[in-house]
Student: 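Got a structure for you, written out below as structure tokens; questions coming shortly.
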Amino acid sequence: MKYLYAALLVSFLFASCKREKAILVEKTYVDSLITHYTLPRQVRDNQTDMVFWKNRILPNNPGQASESRYDSTLITRFHEFGDIQDVKAAEAVEKGINKTYNNSLGGTFVSLAAMGMLQHHFAQADTLLQIAKKKGIETFTANTMSFDVDFELGRYSEAEHYLKLLSKQKDYSYYFRRSKFDHLNANIDSAIANMMKAAELGKESPYLEGVALSNAGDLYIHSGDLEKAAELYKKCIQLNSVDFHSMMGLGWIALVHDKNDVLAQRIYQFVQTKNKLPDPLFKLYQMAQQRGDKALEKDYATQFVKAATDTVYGQMYNKYVIEIYTGILNQPAKAEYLAKNELNNRSTPQTYAWYAYTLFVNGKKDDAYKVFEGHVSGEPLEGLELYYMGKMMKGLGKGYNAQEFFKAADKNLYDLSPEMQKDVQANSEE
């Protein structure tokens with residue numbers, strides 16, 4: 001019997017060690033991260049450059065060089081702290097350059113197209129890019145921007161054409177975009193490998209390296225390897241202490257893997273004090289959902305929708321607002337309106353899936369199925385859209401199809417909000 005007790009003790013200790021090792025986001029790490037938070041040198045340098053180039057602009061003698069450099073610092077600050085007004089200000093400066101040079105500079109239209117992309121004005125960005133090409137721009141710029149625009153608009157054959165042209169370079173830009181295309185086609189291992197290759201090629205720039213590593217972290221979340229994702233997010237924060245995307249990635253891992261909603265909440269609230277985008281509110285809504293606090297979930301959902309539907313953001317947050325309108329806030333008519341409006345901006349299998357689901361939730365089942373048959377069936381979808389189609393098929397009495405969608409969504413489980421995760425797992429087991 002004593003040997004049995006000894007064996008049980010060893011098993012218990014081993015299990016305890018495994019449980020301890022399973023914690024991926026340690027409280028001590030988060031304590032240190034928040035306590036020792038300081039602005040990195042590149043942020044301070046950008047602020048210095050911003051003041052310098054702004055002072056070089058002569059209102060009575062407008063030009064291009066100083067204005068464009070100033071614009072660049074505004075966009076950099078937007079990426080750092082999420083103030084959409086920085087993008088609006090940069091856009092106004094570029095429009096001023098256009099006016100000064102009588103709409104003759106292709107590079108200015110490229111800049112305006114890129115700013116449009118940042119704000120999810122994809123159709124507008126396409127128009128601006130076509131003008132830029134007619135004015136004359138570098139081949140590399142034309143190819144990279146064409147891929148980006150075509151990819152976001154769901155013109156995947158065209159995007160692949162430009163990707164092949166970029167493949168001759170084998171540089172950061174190519175591998176970054178190759179990863180996005182692999183992800184679209186569900187080649188997740190290749191997507192991760194190519195994003196890591198981009199990170200390797202971007203080492204001379206902490207910003208570029210960090211962007212690639214953070215994207216690789218997202219891909220590891222997508223594939224279910226949260227341990228590797230946590231490792232990469234921590235490396236990103238080491239490279240750049242204002243990488244709030246990676247911080248929220250760690251918050252997500254703390255929430256869905258470590259089941260530590262208190263620590264996740266602390267991370268999200270910290271980011272909320274530093275970054276002006278509504279994103280932390282969406283994560284807090286998910287945190288409350290995981291906690292099972294319906295009142296708090298509804299409160300954060302309401303706060304997020306109020307912030308995200310501000311006209312300054314346009315359609316940037318439609319995907320997330322639709323989730324909330326078809327969920328906790330139960331406003332299907334508003335969800336349908338947003339989804340239909342999104343199709344005017346980009347018509348992709350994903351956005352058609354949103355539209356089909358909102359029609360279904362709004363009681364228009366025949367219309368929903370027609371949209372599915374015409375624009376979604378057989379097309380590449382991600383976790384959220386797979387879940388939506390699973391719910392819709394189940395509601396339409398198409399049990400086999402529902403099961404196939406739920407099984408596919410289960411492979412991307414951590415892309416989904418906590419209640420969706422539970423629902424997918426429950427339906428996958430039926």
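The structure displayed is predicted, hence computed values, not measured ones. For the numbers below, each heavy atom of this structure counts, side chains included, while hydrogens, waters and symmetry mates do not. This chain uses plain numbering: 1 for the first residue, then up along the sequence.
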Student: Do the side chains of Met195 and Val211 get nearer than 4.5 Å, heavy atoms only?
Tutor: no
Student: Please check: side-chain N/O of Gln403 versus main-chain N/O of Asn427, any donor-acceptor pairing under 3.5 Å?
Tutor: yes
Student: Minimum heavy-atom separation for Leu118 to Met316, with atom names?
Tutor: O-CE, 3.7 Å
Student: Can you find a side-chain donor-acceptor pair between Glu94 and Asn98 that sits under 3.5 Å?
Tutor: no
Student: Per the side-chain hydrogen bond (donor to acceptor under 3.5 Å, both in side chains) rule, what does the pair list look like for residues 67-79, sequence neighbours excluded?
Tutor: Arg77-Asp86
Student: Taking the basic N atoms (NZ, or NE/NH1/NH2) and the acidic carboxylate oxygens, is any pair closer than 4.0 Å for Arg177 and Glu160?
Tutor: no
Student: May I ask you to check whether Glu91 and Gln119 show a side-chain donor-acceptor distance below 3.5 Å?
Tutor: yes
Student: With a 6.0 Å cut-off on the ring centroids, do Tyr37 and Phe270 count as close?
Tutor: yes
Student: Do you know which two heavy atoms are closest between Gly116 and Gln124, and how far apart they sit?
Tutor: CA-OE1, 4.4 Å
Student: Is Lys170 atom NZ crowded by more than 12 heavy atoms from other residues, nucleotides or ligands, each under 6.0 Å away?
Tutor: yes
Student: Under the salt bridge (charged side-chain N to carboxylate O under 4.0 Å, His left out) criterion, do Glu231 and Lys228 qualify, and how do the steps go?
Tutor: CA-CA 5 Å; Glu231 177 188 324; Lys228 188 63 179 177; 3.0 Å; yes
Student: Asp279 and Tyr317: side-chain donor and acceptor closer than 3.5 Å?
Tutor: yes
Student: Are Lys54 and Asp49 within salt-bridge range, i.e. N to O under 4.0 Å?
Tutor: no
Student: Quick check, are the ring centers of Phe122 and His120 under 6.0 angstrom apart?
Tutor: yes
Student: Between Val110 and Ala132, which heavy-atom pair has the shortest distance, and what is it?
Tutor: CG2-CB, 3.7 Å
Student: Residues in side chain to side chain donor-acceptor pair (under 3.5 Å) with Glu382, at least two apart?
Tutor: none
Student: Answer yes or no: is there an ion pair linking Asp83 with Lys88, defined by an N-O contact shorter than 4.0 Å?
Tutor: no
Student: Minimum heavy-atom separation for Gly107 and Ile137, please, with both atom names.
Tutor: N-CG2, 4.1 Å
Student: Going by the side chain to side chain contact (heavy atoms under 4.5 Å, CB included) test, name the single residue among Thr127, Leu128, Asp126 that passes it with Gln130.
Tutor: Asp126
Student: Side-chain donor-acceptor pair under 3.5 Å between Glu342 and Trp354, yes or no?
Tutor: no
Student: For the side chain of Asp243 and the backbone of Ser246, is there at least one donor-acceptor N/O pair under 3.5 Å apart?
Tutor: yes
Student: Side chain of His375, backbone of Val371: donor and acceptor closer than 3.5 Å?
Tutor: no
Student: Looking at Glu200 and Lys197, is any side-chain nitrogen of the basic one under 4.0 Å from a carboxylate oxygen of the acidic one?
Tutor: no
Student: Using the ring of Tyr369 (Phe, Tyr or Trp, six-membered ring only), decide whether Lys398 places NZ or CZ under 6.0 Å from its centre and within 45 degrees of its axis.
Tutor: yes
Student: Checking side-chain hydrogen bond (donor to acceptor under 3.5 Å, both in side chains) against Glu336, which of Thr358, Asn362, Asn341 comes through?
Tutor: Asn362
Student: Are a donor atom and an acceptor atom from the side chains of Ser146 and Glu158 found within less than 3.5 Å of each other?
Tutor: no
Student: What residues, two or more places apart in sequence or in another chain, satisfy side chain to side chain donor-acceptor pair (under 3.5 Å) together with Tyr357?
Tutor: none
Student: Tell me yes or no: between the side chains of Asn194 and Ser179, is some donor less than 3.5 Å from an acceptor?
Tutor: no
Student: Answer yes if the side chains of Asn401 and Glu404 hold a donor-acceptor pair under 3.5 Å, and no otherwise.
Tutor: no
Student: Quick check against the 3.5 Å criterion: does Asn185 have a side-chain atom that pairs as donor or acceptor with the backbone of Asn187?
Tutor: no
Student: Can you check whether Leu208's main-chain N or O pairs, donor with acceptor, with Ser205's side chain at less than 3.5 Å?
Tutor: yes
Student: Among Ile267, Asn260, Ile23, Leu24, find the one that has a side chain to side chain contact (heavy atoms under 4.5 Å, CB included) with Ile253.
Tutor: Leu24
Student: With sequence neighbours excluded, give me every salt bridge (Lys or Arg N to Asp or Glu O under 4.0 Å) pair touching residues 255-265.
Tutor: Asp261-Arg291
Student: So do the side chains of Tyr388 and Thr326 get within less than 4.5 Å of each other, counting heavy atoms only?
Tutor: yes
Student: Ion pair present between Arg178 and Asp182, side-chain N to carboxylate O less than 4.0 angstrom?
Tutor: yes
Student: Asp299 and Gln303: side-chain donor and acceptor closer than 3.5 Å?
Tutor: yes
Student: Among residues at least two apart in sequence or on other chains, which ones pass ring-ring contact (aromatic ring centres under 6.0 Å, His included) with Tyr285?
Tutor: Phe282
Student: Can you find a side-chain donor-acceptor pair between Asp148 and Tyr162 that sits under 3.5 Å?
Tutor: no
Student: When you compare the side chains of Thr348 and Thr351, does any donor N or O come within less than 3.5 Å of an acceptor on the partner?
Tutor: yes
Student: Tyr352 vs Tyr355, test: ring-ring contact (aromatic ring centres under 6.0 Å, His included). Steps then yes/no.
Tutor: CA-CA 5 Å; Tyr352 270 112; Tyr355 184 47; 7.1 Å; no
Student: Please assess Tyr220 against Ser223 for the test side-chain contact (heavy atoms from CB on, under 4.5 Å), listing each intermediate value before the final yes or no.
Tutor: CA-CA 5 Å; Tyr220 275 116; Ser223 69; 4.1 Å; yes
Student: Looking only at non-hydrogen atoms, find the nearest pair between Leu255 and Ala264 and report the distance.
Tutor: CB-CB, 3.9 Å
Student: As a quick check of understanding, evaluate salt bridge (charged side-chain N to carboxylate O under 4.0 Å, His left out) for Lys276 and Glu80, giving each step before the final call.
Tutor: CA-CA 10 Å; Lys276 295 187 178 182; Glu80 292 167 344; over 6 Å; no
Student: If we check side-chain hydrogen bond (donor to acceptor under 3.5 Å, both in side chains) with Ser417, which of these qualifies: Gln290, Gln286, Glu297?
Tutor: Gln286
Student: Looking at every non-hydrogen atom in both residues, tell me the closest pair between Gly383 and Ala409 and how far apart they are.
Tutor: O-CB, 4.0 Å
Student: Using atom types as modelled and distance alone, determine if a side-chain donor or acceptor of Lys135 lies under 3.5 Å from a backbone N or O of Asn103.
Tutor: yes
Student: Run the side chain to side chain donor-acceptor pair (under 3.5 Å) test against Glu379 and tell me which residues pass, sequence neighbours left out.
Tutor: none
